[in-house]
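By convention in this document, chain letters (A, B, ...) are assigned in the order of the sequence lines, proteins followed by strands, and residues within each chain are numbered from 1.
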Amino acid sequence: MGTTQSNAFCFCIVLVQNSLLRKVVFDVEKYLTFFLKTCIVLRCRYQMKGFKMTTDENLGHEQRQIRLEKLKKLEEKGINAYPHIYKPTATSKSLSEKYAELAPDTQTEDIVSVAGRVRAIRNSGMFMDIYDTTGKVQIYTSKESSAPEVLEMLDMVDIGDIIGVKGTVRRTKRGELSVNTQEITMLAKALLPLPEKFHGLTDTDTKYRHRELDMIMNPESIETLIKRSKIIESIRQLFLSKGLIEVETPVLHTIKGGATAKPFITHHNTLDMDLFLRVAPELFLKRLVVGGMPGVFEFARNFRNEGMDTTHNPEFTGMEVYIPYMDYNDMMDLFEEVVRKACMDVNGTLEIEYDGKKFDLSKPFARRSMHDLVKEYTGVDFMAIETDEEARAAADKLGVHVDDNADWGHCLAAVFEEKCEEHLIQPVHVTDHPKSMSPLTKVHRKEPRLVERFETFINCKEMCNAYSELTNPLDQRSRFEEQVKAREAGDDEADMMDDDFVEALEHGLPPTGGLGIGMDRLIMFLTGNTSIRDVLAFPTMRKLNK
RNA sequence: GAGUGCGUAGCUCAGCUGGUAGAGCACCUGACUUUUAAUCAGGUGGCCGAGGGUUCGAAUCCCUCCGCGCUCACCA
């Protein structure tokens with residue numbers, strides 16, 4: 001080390017002389033002053049770099065090293081730090097219930113074993129807090145009354161380890177229920193330290209990339225994911241109770257269909273064929289209804305190759321349900337039923353707060369047609385507009401940009417999006433969308449330019465999309481043909497012709513109501529999260545270098 | 001995709017108009033059989049996101065890249 005240092009030091013001098021001579025030839029005084037200072041700085045730098053290089057390159061940081069050494073010590077004693085099994089006999093919850101009446105400073109003879117992650121160590125190991133899935137258990141280990149093996153094991157325990165503790169139950173003078181240690185078992189030695197206990201983990205990047213760590217540190221993160229599961233379960237139960245069948249349809253599609261969206265493309269080697277990851281399960285589900293299912297639903301992971309933001313992830317969970325002998329009016333009732341049940345099951349109330357606003361879901365949701373809302377917020381009555389030219393002029397006058405070839409329907413939808421959505425805080429079913437925007441929907445029974453479709457908005461966000469499903473095969477074929485034309489004109493989100501689907505309709509699809517729910521958005525709303533990433537266990541993240 | 005902000009110890013964050021990298025927690029050593037963000041004393045730990053430039057000298061100024069956040073555009 002000594003020679004390395006002095007070599008490095010000489011090397012510094014040469015470097016410094018060369019560079020300085022070139023640049024500061026005229027100022028000798030300045031040269032000398034900075035020469036000395038720079039030498040000192042560079043020498044420090046070289047020492048630091050030398051030290052760094054001799055310690056490690058791939059063994060990790062100091063705290064991990066210390067834990068690895070403890071792991072090695074355990075192995076040397078013949079102790080498996082990752083044993084096969086351990087059966088705790090009590091949990092935080094069961095103890096606090098059973099010993100609720102136990103007075104402070106009272107020792108019982110009851111022996112229990114608990115297991116969980118060490119979250120805090122106080123007083124040189126005398127007190128530890130371990131957490132199981134139900135909460136905290138305090139562990140008390142006295143130096144005086146514990147066996148040497150216990151104290152040796154205690155020395156091997158770090159914050160973050162998962163341990164099992166067998167001992168007697170008591171309540172301390174200060175009123176904390178504790179287990180007095182008789183035996184400590186290492187169940188999983190943690191090699192990495194946990195984030196700081198007070199501020200915890202706040203870096204969103206780390207939270208999303210290492211969700212397990214986020215869950216350990218932030219109770220609300222694990223809570224959200226548990227609620228997600230419960231919401232899905234709630235909806236599943238509701239549908240099963242109505243006699244509907246849960247089905248699974250293909251994720252790999254040969255034709256992109258069911259939604260206007262850009263697909264992901266993948267390749268099957270044996271078939272030597274490109275396949276699309278599904279953007280929606282809709283067409284397959286309706287074919288199952290043609291086949292005689294009494295109504296079907298699927299929690300479908302969909303994939304759309306589009307932008308990402310707080311309400312869009314490239315893969316997301318849609319729930320679609322199709323029920324014969326129903327129409328879109330029935331679907332409005334159904335969606336309200338779904339939202340109320342899920343909210344009650346997961347929050348225990350129908351009055352919730354989201355994004356700083358209050359929502360009372362017990363009230364019936366408003367039902368307003370799209371053109372009616374446009375009329376209310378802009379004063380323009382699109383139903384009085386006859387031609388596409390007039391519609392474009394009306395949009396233009398409102399400051400809404402539309403394409404030169406946009407038709408009446410596109411103009412109405414564009415004006416709605418820009419002028420109305422921002423006002424739709426409280427739940428509202430926005431009904432009767434323009435026909436040209438909805439190739440899979442039945443024409444409105446009274447207005448030929450509209451279809452029987454609704455989207456429900458809550459807090460300005462679209463929560464669901466539902467139709468009186470188009471069942472006329474001839475109409476469906478001509479709608480697909482329009483989509484194909486749009487596609488050929490450069491709209492790569494437009495639908496492709498799906499002959500198998502149209503053929504299925506030719507066998508007869510009964511009048512059917514369909515409803516699709518953006519599960520992630522509904523879950524966001526019901527769990528109080530404003531970013532879709534918070535309700536996904538592992539949101540899509542950019543790849544890191546290394 | 002465009003604009004904008006951020007990236008410093010394992011974690012949370014300071015670091016001024018450039019001048020030898022700091023704190024708290026965590027960790028290590030010791031004290032204390034008590035506590036609950038335990039306390040006290042001492043200590044270890046940094047490619048200051050990466051690369052380039054300006055400068056005698058860059059965490060700091062400039063450029064490029066990477067990652068994240070926010071706003072906007074497309075969409076559920």
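- Across all strands shown, B:rA73 forms no Watson-Crick or G-U wobble pair with both key distances under 3.5 Å.
- The shortest distance between the side-chain N/O atoms of A:R119 and the OP1/OP2 oxygens of B:rU36 is not below 4.0 Å.
- Across the strands present, B:rC68 finds its partner in B:rG5; the criterion is a Watson-Crick or G-U wobble pair with both atom distances under 3.5 angstrom.
- Residue-level contact check: A:N313 touches the bases, meaning some heavy atom is under 4.0 Å from a base atom.
- When heavy atoms are screened at a 4.0 angstrom cut-off, A:K207 is found touching no nucleic acid atom at all.
- Figure legend: A:R119 and A:Y131 shown as a cation-pi pair, the cationic atom lying under 6.0 angstrom from the six-membered ring centre and within 45 degrees of its axis.
- In terms of modelled atom types and a separation under 3.5 Å, the side chain of A:S531 and the main chain of A:R533 share a donor-acceptor contact.
- For the C1' atoms, the distance from B:rG15 to B:rG53 is 24 Å, rounded to whole Å.
- Base pairing of B:rG43: its partner is B:rC27, meeting the Watson-Crick or G-U wobble criterion (both donor-acceptor distances under 3.5 Å).
- B:rG1 and B:rA9 have their C1' atoms separated by 37 Å, with the value rounded to a whole Å.
- In the set B:rC74, B:rC11, B:rA38, the nucleotide with an atom closest to the side chain of A:R122 is B:rA38.
- Atom P of B:rC61 sits at a distance of 8 Å from the matching atom of B:rU17, rounded to the whole Å.
- Here A:G318 lies out of heavy-atom contact (under 4.0 Å) with every strand.
- With hydrogens and angles ignored, no donor-acceptor pair closer than 3.5 Å exists between the side chain of A:D203 and the base of B:rC13.
- Of the candidate nucleotides B:rA26, B:rC11, B:rG45, B:rG45 has the atom lying nearest to any side-chain atom of A:E62.
- A cation-pi arrangement is not found for A:R304 relative to A:F316, the charged atom failing to lie both closer than 6.0 Å to the ring centre and inside a 45° cone about the ring normal.
- Between the side chain of A:S124 and the base of B:rC32, a donor-acceptor pair under 3.5 Å is found.
- With hydrogens and angles ignored, a donor-acceptor pair closer than 3.5 Å exists between the side chain of A:Q63 and the base of B:rA26.
- Taking 4.0 angstrom as the limit, A:K262 places none of its side-chain polar atoms (N or O) nearer than this to OP1 or OP2 of B:rG1.
- Phosphate contact (OP1/OP2 of B:rU12, side-chain N/O of A:T202, threshold under 4.0 Å): present.
- Contact between the side-chain N/O atoms of A:R542 and the OP1/OP2 oxygens of B:rG67 is found at a separation under 4.0 Å.
- A:K543 has no side-chain polar atom (N or O) that falls below the 4.0 Å cut-off from OP1 or OP2 of B:rC68.
- The aromatic ring centres of A:Y467 and A:Y328 sit 6.0 Å or more apart.
- Between B:rG10 and A:R67, no contact under 4.0 Å exists linking OP1 or OP2 to a side-chain N or O.
- For A:E462 (side chain) and A:T456 (main-chain N/O), no donor-acceptor pair under 3.5 Å exists by modelled atom type.
- If you check every strand for non-hydrogen atoms under 4.0 Å, A:Q138 touches a base.
- Pair assignment for B:rU17 gives none, since no Watson-Crick or G-U wobble pairing has each distance under 3.5 Å.
- Annotation: side chain of A:T181 is not in contact with side chain of A:Y140 (no heavy-atom distance under 4.5 Å).
- Shown here, B:rU36 forms no base pair; nothing in the strands shown gives a Watson-Crick or G-U wobble contact with both key distances under 3.5 Å.
- Taking atom P on both B:rA58 and B:rU20, the two are 12 Å apart, rounded to the nearest angstrom.
- For B:rA26, the OP1/OP2 oxygens have a side-chain nitrogen or oxygen of A:K197 closer than 4.0 Å.
- Separating the C1' atom of B:rG10 from that of B:rA26 is a span of 7 Å, rounded to the nearest Å.
- For the C1' atoms, the distance from B:rG19 to B:rU60 is 11 Å, rounded to whole Å.
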